[in-house]
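Let me begin by presenting the structure, written as structure tokens, before commenting on it.
In what follows, chains carry the letters A, B, and so on, assigned in the order in which the sequence lines appear, proteins first and then strands, with residues in each chain numbered from 1.
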2 protein chains.
Amino acid sequence: MRDRSIFAGLNTEELRSLGMEVQDIACHQGDVLYRKGDSARHAYTLRTGAVKLVKSLENGREVIIRLLHRGDLLGFEGMQDAQHRHAAIVLAPSQLCRLDLAELQRLSERLPKVQEAIRQRWQQALQSSEDHIMELGAKRAEARLATFLLQWAEHYPRLRSLPFPLSRPDLAAFLGLSTEHVSRIMADFKRHAFIQEQRGHLEILAPQSLAELAGKWPDHKPD
Amino acid sequence: MRDRSIFAGLNTEELRSLGMEVQDIACHQGDVLYRKGDSARHAYTLRTGAVKLVKSLENGREVIIRLLHRGDLLGFEGMQDAQHRHAAIVLAPSQLCRLDLAELQRLSERLPKVQEAIRQRWQQALQSSEDHIMELGAKRAEARLATFLLQWAEHYPRLRSLPFPLSRPDLAAFLGLSTEHVSRIMADFKRHAFIQEQRGHLEILAPQSLAELAGKWPDHKPD
DNA sequence: CGCCTCATTGAAGCATGTCAAGGTGAGTGG
DNA sequence: CCACTCACCTTGACATGCTTCAATGAGGCG
């Protein structure tokens, strides 16, 4: 596990031998990796667990811009901006690797592979953001939530009972809805026996039904 | 104008001398640069004009994922995906440069500067997508529209009358609203003399008022 | 214990979507 | 040149999805 490639096909040892300072970090729920506006010193790779990237409106309302899973990178915006664009908050017990940004910068100039790897991750992030835009722009609450649950499940293949460290406010902040509305829909899903929930774990009982809901649009009843 | 750097600090001549096939292209409204699913052969830089990137839901409903302005790049997802992720449609008379993706790929492996430049643009795109997510997730229609108009204006500094090639359906598809609702709000803005519109041109009369609206949130009245 | 935050539910209000109708303007074929 | 069409814009009336406010209960934690 310690030997698996953590970034750009390189594992911890190899990165270290290239002069990179790599630090293993263990976090638990609620830990703040960095806040919006912090000067960007480190980037991270998420080895296990889950992290949310949060942006706040002047108003105090928070929006979750992206949810990170095992294998995702974060904090790399520091390669161009001096400061972090959002806050990174740990959702579930996680293990991360912390990389020094300045050294990463130098490394990427020497190793095109690294540069390439970073670009690739950025494209992934962009794609997921664009998908999210579609969800927010075109679907209704029920469909957004259904889509989201199915996507979440994809991150834990061959697992019946999924880790699900998201609170209702979290879900609301990610899906652009009110806490109450999310709660109502989740309760509905449970009543219809589409899902089952207990102590931070989620089980999807009727993926088929959720998939139908996910593809249902405001303006069109398929029958 | 022909000599200005079009990409990664290189102008047309320099790119050509590096073996890159560069083609100047002139387009007008409605031209389709590529469609979603087209195999990705070319990337483009937008020299003047405006382009929309569109994704369709299975339902037929269209969402504008991103709006491109002078200096923006498009089609670069082809460097990793074999196919384009969205359709690119020209909104206003535009001049573009078309680059061969395969050659660009090779070039970027030889020139770190190019790789770097592409990564930078990707980050910009990601940032703008994330901002868009915030708009869709946290603001109401009036505020979204106000924000959008002000942002649009920023792309045409020192211009009183802005080119504004967006139809109401376009605005709706970008802001995640219905055409009618957009129309109503725009009419409101005109009645309040915040803006003025004529034949594809827009004038912002009261940026201050729009800015106030843009910062107004559903749950909080500032007074 | 007492104080949080979270989850759930109800009732009411408002924002936005839907449906429908009529008006304009641009392009097209006669 | 005209008439036709078609996409777009606007407006109204209505339906509904979603939020807000309020109240309650349940679990974590000092």
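Residue-level contact check: B/G30 touches neither bases nor backbone, having no heavy atom under 4.0 Å from any strand.
Residues A/E130 and B/R66 are paired through a salt bridge, judged by an N-O separation under 4.0 Å between the basic side chain and the carboxylate.
Atom NZ of B/K36 has 12 or fewer heavy atoms from other residues, nucleotides or ligands within 6.0 Å. Within 6.0 Å of atom NE2 in A/H28, 12 or fewer heavy atoms from other residues, nucleotides or ligands are found, so the atom counts as exposed in its surroundings.
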Could you write nucleotides 7-14 of chain C as a row of B, S and -, 5' to 3', where a protein heavy atom under 4.0 Å of any base atom gives B, of only sugar-phosphate atoms gives S, and otherwise -?
-> SBBBB---
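Taking atom CG of residue A/L171 and atom C1' of nucleotide C/dT5, one finds them 15 Å apart after rounding to whole Å. Between the NZ atom of A/K139 and the P atom of D/dC18 there is a distance of 13 Å, rounded to whole Å. We find that CZ of A/R144 is positioned 13 Å from P of D/dG17, with the value rounded to whole Å. Distance B/Q198 CD to C/dG25 P: 14 Å, rounded to the nearest Å. Between the CG atom of A/L175 and the P atom of D/dC18 there is a distance of 11 Å, rounded to whole Å. B/D170 places its CG atom 14 Å from the P atom of D/dA7, with the value rounded to the nearest Å. Counting to the nearest Å, the P atom of D/dG12 and the CD1 atom of B/I185 are 15 Å from each other. We find that NE2 of B/H28 is positioned 11 Å from P of C/dG27, with the value rounded to whole Å.
Ring orientation note: the planes of A/F164 and A/W152 are nearly perpendicular, at an angle over 60° on the 30°/60° scale. Using a 30° and 60° split on the angle between ring planes, A/W122 and A/F76 fall in the perpendicular class, above 60°.
One end of the helix from C/dC1-D/dG30 to C/dG30-D/dC1 points its axis 40° away from the other end's axis, with each axis taken from 5 pairs and the angle rounded to 10°.
Between the side chains of A/Q124 and A/D72, no donor-acceptor pair of N or O atoms lies under 3.5 Å. A/S128 and A/D131 share no side-chain donor-acceptor pair at under 3.5 Å.
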Please lay out, stage by stage, how B/Y34 and B/H84 fare under the test ring pair (Phe, Tyr, Trp, His ring centres under 6.0 Å).
-> CA-CA 8 Å; B/Y34 51 80; B/H84 287 296; 3.6 Å; yes
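Formation of a donor-acceptor pair under 3.5 Å by the A/K52 side chain with backbone atoms of A/L68 is not found in this model.
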